[in-house]
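In what follows, chains carry the letters A, B, and so on, assigned in the order in which the sequence lines appear, proteins first and then strands, with residues in each chain numbered from 1.
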There are 2 protein chains.
Amino acid sequence: MKHNRVTIHHVAKKAGVAISSVSRVLSNHADVSDDMRIKVEKAVSELGYEPDYLAQSLRKGATQTIGFMIRDITNPLFSIVAQSAEFELRKAGYSIILINSHGDSSVEKENFSLFKRRRIDGIIASLVSEDAAQTKSIINNLGIPIVLLDREIAGLKASAVICNHSIGVKEATSDLIKNGHKRIAFVSGMKDLLITRSRLKGFEDACTEGGIKIDPSYLRLGKFSEDYSYHEILDLFGSKKKPTAIVAGGIGASAGALRALKDLKLKVGKDVAFIAVDEWPMFDLLSSDLSSVYRDPDEIGRESARLILNLITGGPTSQAVVQTHYRKRTSSRRVLNG
Amino acid sequence: MKHNRVTIHHVAKKAGVAISSVSRVLSNHADVSDDMRIKVEKAVSELGYEPDYLAQSLRKGATQTIGFMIRDITNPLFSIVAQSAEFELRKAGYSIILINSHGDSSVEKENFSLFKRRRIDGIIASLVSEDAAQTKSIINNLGIPIVLLDREIAGLKASAVICNHSIGVKEATSDLIKNGHKRIAFVSGMKDLLITRSRLKGFEDACTEGGIKIDPSYLRLGKFSEDYSYHEILDLFGSKKKPTAIVAGGIGASAGALRALKDLKLKVGKDVAFIAVDEWPMFDLLSSDLSSVYRDPDEIGRESARLILNLITGGPTSQAVVQTHYRKRTSSRRVLNG
DNA sequence: CCTCTGGCTGGAAACGATTCCTAATTCTAA
DNA sequence: TTAGAATTAGGAATCGTTTCCAGCCAGAGG
């Protein structure tokens, strides 16, 4: 089985030249005579030779591979990001190794070490948390260029794709207020993440401008999971001061909230207003015509690819900002008892 | 920058032993004295040494990497398959390289060659087509173990995960017939794919048993795309003999069909019955309570991982069958003019 | 006391490329 | 004609491991 792999050795022998000459021809080195080029190319095509990545990588110290680590590949937003990043990176000759961290920071840690051992050239990651001091030191000691998705960590040598969440959420919340909503709930992930803080800022700004005082019990900022959101919404509607509108930050939050409303037999857009932050496949086929805060996942993927390539070729760390905007549909209207 | 990578060389020097001894300790070779083991382990932990995958791979001829090639990673079903396969393979020490073929068989061809150059240990693939003779010869010449998802190619040395589509579709179609439907349309992908033939068989069997003659114009078997399905449904409902029920084979087919019905202002479950083959995230939040044919994507991922590991360790090619079953909900009921 | 066995160890050859260095050849110019 | 420069080719080192092979030393058996 070993003898069926054709190496540069075989090519050299067949062409009757030295190994180094074959290598020079294939890497378009300047000092190659026409005669040599022809001989080698003939041998290459006759043998169907293709250089081995492994050996090249070992020698050159670059694997042409990018590690893509996310918390959950089944999240439709991330899968689009992964697809478009892969598309861009492949054009530049890179492959991607996909790793799930399952939202577990110890798995995340292992993954970084795996990346290092595999001599990954660069990393694109959506980290579990921003405050883990350990994560910070791991990344800094890794010596591998990294692009963070929607995370901002002080003192970290990393590029980042940051979405401007506050703008879209502000527009959306303002629209709710304009439609007469005063009791607006906001469900999303942990407050220590930039993404949550940014959304919260948009929410607060809109309330301030609209002259609405935020009741802290309407802020449910705990986890991105469906489960969390589901139970928080049930809890809110079990209380005396039921909200008339909900802003759900993230796909999980939206799914959990919509399920809760369904179980409560409350009709979205009629009994309660709703804004989904982020959309998912077949969004338009849902039972209600949801207003949303949109960002383009393709753009996130493209930008992250651009940033990591930039870093790999020695460029400085930088940030790319992806805008969000409000897509007004019918679920944000005034409701019966609003 | 080169000097900060700690190699087996440094460990050997620090421990005052030969490189080969370090390697023996780390690979749990039998011929190692306790004294040696202790010295080496001390040096390893003090230096924080981790063996380099590249060099190991080059020497051993195995990269501990699986290539995962699918037509579209944003397909929610595939992304779950990818996730569960990754989970299983990681437990066995493998990483996965994810590649999109974008449903393009020339890209697919390139990808195979990339896998070979990267010395991938095994491939899990959802191929674009089954009949391309070229693909067959490429795979056979590749010399890399491969597991096919839902494809059956004669004369190919490959394992496969096959879903038993016909059973679920038959159950579903029988239910439609029992509910009085006679004009049932079936939209799905190309007829030359096993997956389509298998679904069609279930459909035909149910019709035969139910005493219904199939009108060929109700069979729309062209592509898996949303677009195709959308236009075929519009076409069907523009004709004289409108169907009273639709079976949509695949997520794309379902999406396209549901959009067409929405545009036609036909209510699913009321004006027309509908069966979705395969579910997607937040299926339960759709505007209608869709009956479906279900298969477990997690199981597909697990099985494909199991089969490829089996092949890599020298086992024979084999098949795993994943069952489908009918999930009866309300969209399959009798309808107004049915 | 000598040989044989067997456990351990170190040295060196792979694995398949790239690249530096040196040498041979050709060409130009004095 | 010959020195010196410019091309071009080959040889060898290198990347970081694993693994084969040979040798050393200690203990056992005669």
Task: Pairs satisfying salt bridge (Lys or Arg N to Asp or Glu O under 4.0 Å), at least one member in residues 148-158 of chain A, at least two apart - done: A/D150-A/R295

Task: salt bridge (Lys or Arg N to Asp or Glu O under 4.0 Å) partners of residues 117-126 of chain B, not counting sequence neighbours, each pair once - done: A/D52-B/R119

Open item on the list: Counting primed atoms plus P, OP1 and OP2 as sugar-phosphate and everything else as base, spell out the protein contacts along nucleotides 4-11 of chain C at 4.0 Å heavy-atom distance: B, S or - for each nucleotide, 5' to 3'.
Closed with: ----SBBB

For [X], enumerate each residue passing the side chain to side chain contact (heavy atoms under 4.5 Å, CB included) test, keeping only those at least two apart in sequence or located in another chain.
{"X": "B/I19", "answer": "B/I8, B/H9, B/A12"}
{"X": "B/L309", "answer": "B/L89, B/A92, B/Y94"}
{"X": "B/I138", "answer": "B/K109, B/F112"}

Calculate the interatomic distance between [X] atom [atom1] and [N] atom [atom2]; express it in whole Å.
{"X": "A/K39", "N": "D/dG10", "atom1": "NZ", "atom2": "C1'", "result": "12 Å"}
{"X": "B/K60", "N": "D/dC20", "atom1": "NZ", "atom2": "P", "result": "13 Å"}
{"X": "A/H9", "N": "C/dA14", "atom1": "NE2", "atom2": "P", "result": "10 Å"}
{"X": "A/I8", "N": "D/dA9", "atom1": "CD1", "atom2": "C1'", "result": "14 Å"}
{"X": "A/Q64", "N": "C/dA17", "atom1": "CD", "atom2": "C1'", "result": "14 Å"}

Task: Pairs involving residues 24-41 of chain B, ordered by first then second residue, that meet side chain to side chain donor-acceptor pair (under 3.5 Å) (sequence neighbours left out) - done: B/S20-B/R24

Task: Any pair counted as side chain to side chain donor-acceptor pair (under 3.5 Å), so long as it reaches residues 302-312 of chain B, sequence neighbours left out - done: B/E303-B/R306

TODO: With A/F78 as reference, evaluate A/I300, A/N100, A/I70 under the side chain to side chain contact (heavy atoms under 4.5 Å, CB included) test and give the passing residue.
DONE: A/I70

Task: DNA chain D-proximal residues of residues 48-58 of chain B, any heavy atom under 4.0 Å - done: B/Y49, B/E50, B/P51, B/D52, B/A55, B/Q56

Task: Angle of first-five versus last-five pair axes in the helix from C/dC1-D/dG30 to C/dA30-D/dT1, to 10 degrees - done: 70°

TODO: Would you mind checking if A/E130 and A/K136 are paired as a salt bridge, meaning a charged N to carboxylate O distance below 4.0 Å?
DONE: no

Task: ring pair (Phe, Tyr, Trp, His ring centres under 6.0 Å) pairs, two or more places apart, involving residues 47-74 of chain A - done: none

- [ ] Report yes or no: is there a donor-acceptor pair, N or O only, under 3.5 Å between the side chain of A/R59 and the base of C/dT18?
- [x] yes

TODO: Check every strand shown and say whether B/R119 touches a base, only sugar-phosphate, or nothing at a heavy-atom separation below 4.0 Å.
DONE: sugar-phosphate

Task: ring-ring contact (aromatic ring centres under 6.0 Å, His included) partners of B/H102, counting only residues at least two apart - done: A/F87

- [ ] Considering just the side-chain nitrogens and oxygens of B/S23, establish if one lies under 4.0 Å of OP1 or OP2 belonging to D/dT18.
- [x] yes

